[in-house]
Amino acid sequence: TTGTQKAIMLSETNMLVGWKGIEERMDRVDENDVCYTFLPFHHVFANVIILLYALPIGCQVYLCSDIKQARHEMALARPTIIHGVPLFYERIYNLIPPRVLAKARRAAVVARVLHLPLSVRKKVFAALHEALGGRVAFLICGGANLNPTIHQFFNDAGLFIYNAYGSTETAGALCAMTPGSTKHASVGRPYDDMEVAILSPDDEGTGEIIARGPSIFLGYFNNPTEN
């Protein structure tokens, strides 16, 4: 937070609603999956997606020790699912040499226009897939805005990124993309049992995000003014 820190009270119901939303939105996950995550466990979304969702299903979970060690660790873990923040995906994109990136971006456009199957995209972008361990089925991004150009590039390369949006007050994600979504500047639709609106939008539709539903927190601890 950029302001005075507040203690947020979350109920079991709040947390389980977040779990239900993930299950409804994401591709099917089972005990054969391997998760690699950058999210610390004091982050509520990590609690929901790892402790309440991935581990009970039987997934193996690897925690990133340092972003500088990520490539080495992913080669060892060979994840099928990666939970990251925009900085991670931008770092990978920016590490591609300019000449190689120019060719890769042209190939990405061809892959999109021709609707090339995933098996072909994995061969065309083999180096990128191998840099992430070689087995990634999908990736999750949250915490800030992901550059739509970078998002489009990963998707065209056969590495589908789910954008998600939420806060601690919403027990993690409030909205998330669904499989096959092509709106790369979007964070997807609200979870089915949540209501979301924009309060007092300006001419461009920008305003305060307000939400209502079972994942909304109980209140700030000992802070009646903010409540």
Minimum heavy-atom separation for [X] and [Y], please, with both atom names.
X      : Y      : value
Tyr89  : Ile140 : OH-O, 2.9 Å
Ala144 : Pro86  : O-CG, 3.4 Å
Phe153 : Ala108 : CD1-CB, 4.1 Å
Ala171 : Val48  : O-CG2, 3.7 Å
Gly188 : Cys175 : O-CB, 3.9 Å

Are [Y] and [X] connected into the same hydrophobic cluster when the rule is that any two of I, L, V, M, F, W, Y join if their side-chain heavy atoms are below 4.5 Å apart?
X      : Y      : value
Ile198 : Leu174 : yes
Val124 : Leu114 : yes
Leu95  : Val100 : no
Ile67  : Leu146 : yes
Ile96  : Val110 : yes

Listed partners of Leu16 passing side chain to side chain contact (heavy atoms under 4.5 Å, CB included), at least two apart: none

Just to verify, what does Ala197 make a side chain to side chain contact (heavy atoms under 4.5 Å, CB included) with, not counting sequence neighbours? Ile210

Side-chain heavy-atom pair [X], [Y] within 4.5 angstrom cut-off:
X      : Y      : answer
Leu139 : Phe160 : no
Phe138 : Val29  : yes
Pro79  : Cys35  : no
Ile82  : Met74  : yes
His151 : Asn163 : yes
Met194 : Pro214 : yes

side-chain hydrogen bond (donor to acceptor under 3.5 Å, both in side chains) contacts touching [range] (sequence neighbours left out):
range            : result
residues 216-227 : Glu169-Tyr220
residues 59-78   : Tyr36-Glu73, Gln60-Tyr62, Ser65-Glu73
residues 114-124 : none
residues 202-218 : Glu195-Arg212

The remaining residues in the hydrophobic cluster of Leu118, counting side-chain heavy-atom contacts under 4.5 Å among Ile, Leu, Val, Met, Phe, Trp and Tyr, are none

Straight-line distance of [X] [atom1] to [Y] [atom2], nearest 0.5 Å:
X      : Y      : atom1 : atom2 : answer
Leu10  : Ile8   : CG    : CD1   : 6.5 Å
Met15  : Asn47  : CE    : CG    : 5.0 Å
Thr149 : Phe154 : OG1   : CZ    : 12.5 Å
Ile92  : Leu87  : CD1   : CG    : 10.0 Å
Cys59  : Asn32  : SG    : CG    : 9.0 Å
Ser11  : Phe217 : OG    : CZ    : 11.5 Å

Kindly write out the residues that satisfy side-chain hydrogen bond (donor to acceptor under 3.5 Å, both in side chains) with His83, not counting sequence neighbours, or none if the list is empty. none

Going by salt bridge (charged side-chain N to carboxylate O under 4.0 Å, His left out), name the residues that satisfy it together with Asp156, two or more places apart in sequence or in a different chain. Arg112

Applying salt bridge (charged side-chain N to carboxylate O under 4.0 Å, His left out), can you list everything that pairs with Arg135, at least two apart in sequence or on another chain? none

Would you say the side-chain atoms of [X] pair up with the backbone N or O of [Y], donor to acceptor, closer than 3.5 Å?
X      : Y      : result
Asn155 : Ile161 : yes
Asp33  : Thr80  : no
Thr170 : Ile216 : no

Which atom pairs, one a donor and one an acceptor, fall under 3.5 Å between side chains of residues 38-45 and the rest of the protein, sequence neighbours left out?
{"unit_1": "His43", "atom_1": "ND1", "unit_2": "Phe45", "atom_2": "N", "d": "3.2"}

Tell me which pairs pass salt bridge (charged side-chain N to carboxylate O under 4.0 Å, His left out) where either residue lies in residues 79-107, with sequence neighbours left out. none

Kindly indicate, with the supporting measurements, whether the criterion side chain to side chain contact (heavy atoms under 4.5 Å, CB included) is fulfilled by Tyr162 and Val187. CA-CA 8 Å; Tyr162 288 99; Val187 292; over 6 Å; no

Show your working on side chain to side chain contact (heavy atoms under 4.5 Å, CB included) between Val196 and Ile209 and close with a plain yes or no. CA-CA 7 Å; Val196 178; Ile209 300 171; 3.9 Å; yes

